[in-house]
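Residue numbers start from 1 in every chain, and the chains themselves are labelled A, B, ... in the order their sequence lines are given, proteins ahead of strands. Keep in mind that the numbers below use all heavy atoms, side chains included, and drop hydrogens, waters and symmetry copies.
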Number of protein chains: 2
Amino acid sequence: MKLKSFKGMNCSLAQTLNIVGERWSLLIIRDISFGTTHFDEIQKSLGVARNMLSTRLKQLTEAGILRKEADDAGRSQYKLTDKGWDLMPVLLSMTHWGDKHVPDEAGDRVVFVDQKTGRPIQPMGIHDADGSRINYYDIKPEFGPALRR
Amino acid sequence: MKLKSFKGMNCSLAQTLNIVGERWSLLIIRDISFGTTHFDEIQKSLGVARNMLSTRLKQLTEAGILRKEADDAGRSQYKLTDKGWDLMPVLLSMTHWGDKHVPDEAGDRVVFVDQKTGRPIQPMGIHDADGSRINYYDIKPEFGPALRR
DNA sequence: CAGTATCCTACGTGATACTG
DNA sequence: CAGTATCACGTAGGATACTG
């Protein structure tokens, strides 16, 4: 009676959830994207159990999202691969949603800014082929070849 | 030895995960956004256990993401609230990531298109305050008031 | 059709001690 | 510091039957 894997679901969302859908995965990825790259650092930062962290790091490395390497001092550290950095839109979308819908009375928590200008980036949103921002009710799903049989 | 809640974490990402981080939640939300709004429809579509679906629907409704109402025939159905629709960027980001990194040999699965033009939307990405697309290495996090103490 | 009600299991998670 | 090794636990998740 194993957990049902989403692998057979032929749905990109399910595939993604299958890889980064565990409770801690995205938080670990966020920490590493912030430069918290050592085991103990991450462990303290998140308060996650050591064995869980170990398991997740291994799994994410196998999935090609993280890369394990030695830092200048010879200590192990984890870095995001390009595949891992590609998750930034996911992290940012969730962060923006939390900012808006589960705010802190004290104000913003983390703001992502453009390094050049220092101005905050736009909240994550949908853009049409020309780059104009559009609304969720302006789009519709269409089934591609993989779903037409 | 309960599961550690992310509530105290003062992190928007954790807050979001606390609400939609369960394995099935985002898949249920996607189904409903596609117009699969009845209990049995969702259940068959996802193959999720009925009691799990029941629990999740209740939880998401309480969280203000879903709204339960009767359709024209008097049957119960679930709809996304505005708060729920605000999760579209999350769903789309994950879907696009899956498209790219866990592709199907048969080609695309679901493509989201602009209703007006029929052209696919842009893959979800980061945009600066002017609306220009920028890269993940062009941004940096800054700590807001809620984290400065 | 839209759930509830049971019963069951294994996985995700946690605490802590230990090792090179 | 970077894990591994145990041991324990609860809950998410699953199968199925039942009800209005």
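Dashed line: the shortest gap from a side-chain N or O of B/K58 to OP1 or OP2 of C/dG3 is not under 4.0 Å. The side chain of A/W24 places an N or O atom within less than 4.0 Å of a non-bridging phosphate oxygen (OP1 or OP2) of C/dG14. Taking 4.0 angstrom as the limit, A/Y78 places a side-chain polar atom (N or O) nearer than this to OP1 or OP2 of D/dG3. At D/dT4, one or more side-chain N or O atoms of A/S54 fall inside 4.0 Å of OP1 or OP2 (strictly under the cut-off). Close to C/dA2, at under 4.0 Å from its OP1 or OP2, lies no side-chain N or O of B/S76.
A/L60 and A/L53 end up in the same hydrophobic cluster when Ile, Leu, Val, Met, Phe, Trp and Tyr side chains are linked at under 4.5 Å.
The aromatic rings of B/H127 and A/H127 sit parallel, their planes meeting at an angle under 30°, below the 60° perpendicular limit. Below 30°, between 30° and 60°, or above 60°: for B/W85 and A/Y136 the angle between ring planes is below 30°, a parallel geometry.
Across all strands shown, the partner of C/dG20 is D/dC1, judged by Watson-Crick or G-U wobble contacts whose two distances both fall under 3.5 Å.
At whole-Å resolution of the value, CD in A/E69 and P in D/dC1 are 19 Å apart. Distance, A/L17 CG to C/dG12 P: 14 Å, rounded to whole Å. The CG-P distance, from A/D71 to D/dC1, rounds to 12 Å in whole Å. The CG atom of B/L60 sits 13 Å away from the P atom of D/dA12 (whole-angstrom rounding). The CD-P distance, from B/Q59 to C/dG3, rounds to 16 Å in whole Å. Atom C1' of nucleotide D/dA17 and atom CZ of B/R50 are separated by 11 Å, given to the nearest angstrom. The distance from atom CD1 of A/I28 to atom C1' of D/dG3 is 14 Å, rounded to the nearest whole Å. If you measure from atom NE2 of B/H38 to atom C1' of C/dC1, you get 9 Å, rounded to the nearest angstrom.
Remark: the B/S45 side chain and the B/T36 side chain contain no N/O donor-acceptor pair separated by less than 3.5 Å.
Distance from the side chain of A/M52 is smallest to C/dG12 among C/dG12, C/dC1, D/dA15. In the set C/dA15, C/dG3, D/dA12, C/dG3 carries the atom at the smallest distance from any side-chain atom of B/F39.
One cannot find a donor-acceptor pair under 3.5 Å joining the base of C/dG3 and the side-chain atoms of B/N51.
Counting heavy atoms from C-beta outward, A/T37 and A/E69 have side chains that stay 4.5 Å or more apart.
Using a 4.0 Å heavy-atom distance criterion, B/R75 is classed as a sugar-phosphate-only contact. Residue contacts for A/Q43: at a heavy-atom cut-off of 4.0 Å it reaches no nucleic acid atom on any strand shown.
Each of B/R56 and A/K44 lies near DNA chain D, and the nucleotide nearest A/K44 is the one positioned closer to the 5' end.
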